[in-house]
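To start, the structure under review is shown below, and the notes come after it.
Only heavy atoms go into these numbers, but all of them, side chains included; no hydrogens, no water, no symmetry mates.
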Amino acid sequence: MITKKDIRKYSLEQRLNLSDVIAEDFNGRLLDNACRLNYEGVRRLHIFLPISEKKEVDTWPLAHWLRQQHPEIQLVLSKADMKTGDMYHYAWNVNTILVKNRFGIPEPQGGTEVAPAELDLVFVPLLAFDRQGHRVGYGKGMYDRFLHQCRQDVRTVGLSLFGPVDQITDTDTWDIPLQTVVTPDLIYQFKQP
């Protein structure tokens with residue numbers, strides 16, 4: 001049986017082995033697809049910034065596009081407490097100071113706090129996802145805990161440079177499946193129970 005740990009290791013290696021040219025192409029096509037999503041009714045949107053050393057999806061151009069095309073949407077970023085696994089969320093404005101934490105994640109250094117229940121859409125980082133919308137992250141469970149704090153009608157959108165694996169078999173009861181995953185080639189929609 002292939003476990004999350006196996007998928008995590010393979011997916012990270014797959015991403016790290018991308019050449020800069022191919023990574024740029026994948027990110028550009030993923031951005032085009034993310035721009036096709038419906039943002040109607042979204043007032044507060046949570047976005048993550050990439051760990052560039054791990055070749056995460058480059059969300060900087062998406063954030064720029066959202067600011068240009070949807071100035072009515074308040075972007076929100078997280079700051080994580082790695083000891084407790086808690087995430088704190090802040091409005092991201094042009095004057096927000098960002099500092100990379102020890103894991104290479106650009107984080108806000110404070111500002112106006114935003115409660116998870118105020119979010120309408122959350123972009124979710126991932127290493128892999130399957131055909132049912134389950135995801136594999138880095139294994140700390142921080143995003144699942146965060147998503148449990150959001151409203152039941154929050155929209156969850158994963159961003160992935162690769163298509164799905166067939167199935168993640170060792171999911172946990174607290175794992176929250178994604179509703180949508182955007183890749184360079186397709187936008188996947190998943191029915192939730």
Side-chain angles (χ1 to χ4, degrees), residues 1-37 46-65 77-87 98-107 122-148 156-190:
M1 180 175 78
I2 297 174
T3 64
K4 281 185 186 178
K5 184 178 178 183
D6 299 325
I7 294 170
R8 187 175 292 120
K9 183 176 185 293
Y10 170 79
S11 299
L12 183 56
E13 285 175 6
Q14 184 183 29
R15 212 167 59 192
L16 290 173
N17 286 327
L18 287 176
S19 71
D20 290 345
V21 172
I22 291 174
E24 186 176 334
D25 174 61
F26 282 12
N27 275 293
R29 290 189 289 132
L30 187 149
L31 172 64
D32 289 344
N33 281 338
C35 293
R36 293 177 37 221
L37 295 173
H46 185 282
I47 192 166
F48 64 92
L49 294 177
I51 304 172
S52 52
E53 294 80 10
K54 291 192 175 178
K55 291 194 178 178
E56 283 190 333
V57 169
D58 184 1
T59 52
W60 289 100
L62 176 57
H64 180 72
W65 180 85
L77 291 174
S78 291
K79 183 173 184 171
D81 182 333
M82 294 299 183
K83 289 180 184 157
T84 64
D86 293 326
M87 293 170 67
L98 301 175
V99 176
K100 280 189 179 185
N101 70 13
R102 64 187 183 107
F103 296 98
I105 304 168
E107 294 182 324
V122 177
F123 281 117
V124 182
L126 53 88
L127 281 165
F129 70 102
D130 71 9
R131 298 185 181 280
Q132 292 74 44
H134 297 109
R135 64 181 273 277
V136 173
Y138 292 109
K140 302 218 182 291
M142 294 174 75
Y143 262 83
D144 288 307
R145 284 195 294 279
F146 159 40
L147 293 174
H148 274 286
T156 56
V157 179
L159 301 177
S160 177
L161 294 176
F162 302 100
V165 298
D166 283 337
Q167 186 177 15
I168 298 167
T169 55
D170 57 339
T171 58
D172 295 305
T173 53
W174 60 83
D175 289 347
I176 296 184
L178 299 165
Q179 297 162 2
T180 305
V181 175
V182 179
T183 72
D185 296 323
L186 291 168
I187 298 173
Y188 294 83
Q189 301 287 352
F190 304 103

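Counted within 6.0 Å of NE2 on H148, heavy atoms from surrounding residues, nucleotides or ligands total more than 12; the atom is thus considered enclosed. For F162, the CZ atom is densely surrounded, since the number of other residues' heavy atoms within 6.0 Å is greater than 12. Around atom CD of E24, no more than 12 heavy atoms belonging to other residues, nucleotides or ligands sit under 6.0 Å away.
Heavy-atom minimum distance, Q167 versus I7: O-CD1, 4.4 Å. For the pair I168 and H134, the tightest heavy-atom approach, listed with the atom from each and the gap, is CD1-O, 3.4 Å.
D58 pairs by the side chain to side chain donor-acceptor pair (under 3.5 Å) definition with nothing, not counting sequence neighbours. Scanning for side chain to side chain donor-acceptor pair (under 3.5 Å) contacts around R102 gives an empty result, with sequence neighbours left out. With sequence neighbours left out, K9 forms a side chain to side chain donor-acceptor pair (under 3.5 Å) with E13.
Counting heavy atoms from C-beta on, the side chains of L18 and F26 come closer than 4.5 Å.
Taking the six-membered ring for Trp and the full ring otherwise, the centers of Y188 and F129 sit less than 6.0 Å from each other.
R36 has no carboxylate O lying under 4.0 Å from a charged side-chain N of D32, or vice versa, which leaves the two without a salt bridge.
The salt bridge (charged side-chain N to carboxylate O under 4.0 Å, His left out) test with D175 singles out one residue from R135, K4, R145, and that residue is K4.
Geometrically, K54 engages Y138 in a cation-pi contact, judged by NZ or CZ lying under 6.0 Å from the ring centre and within 45° of the ring axis.
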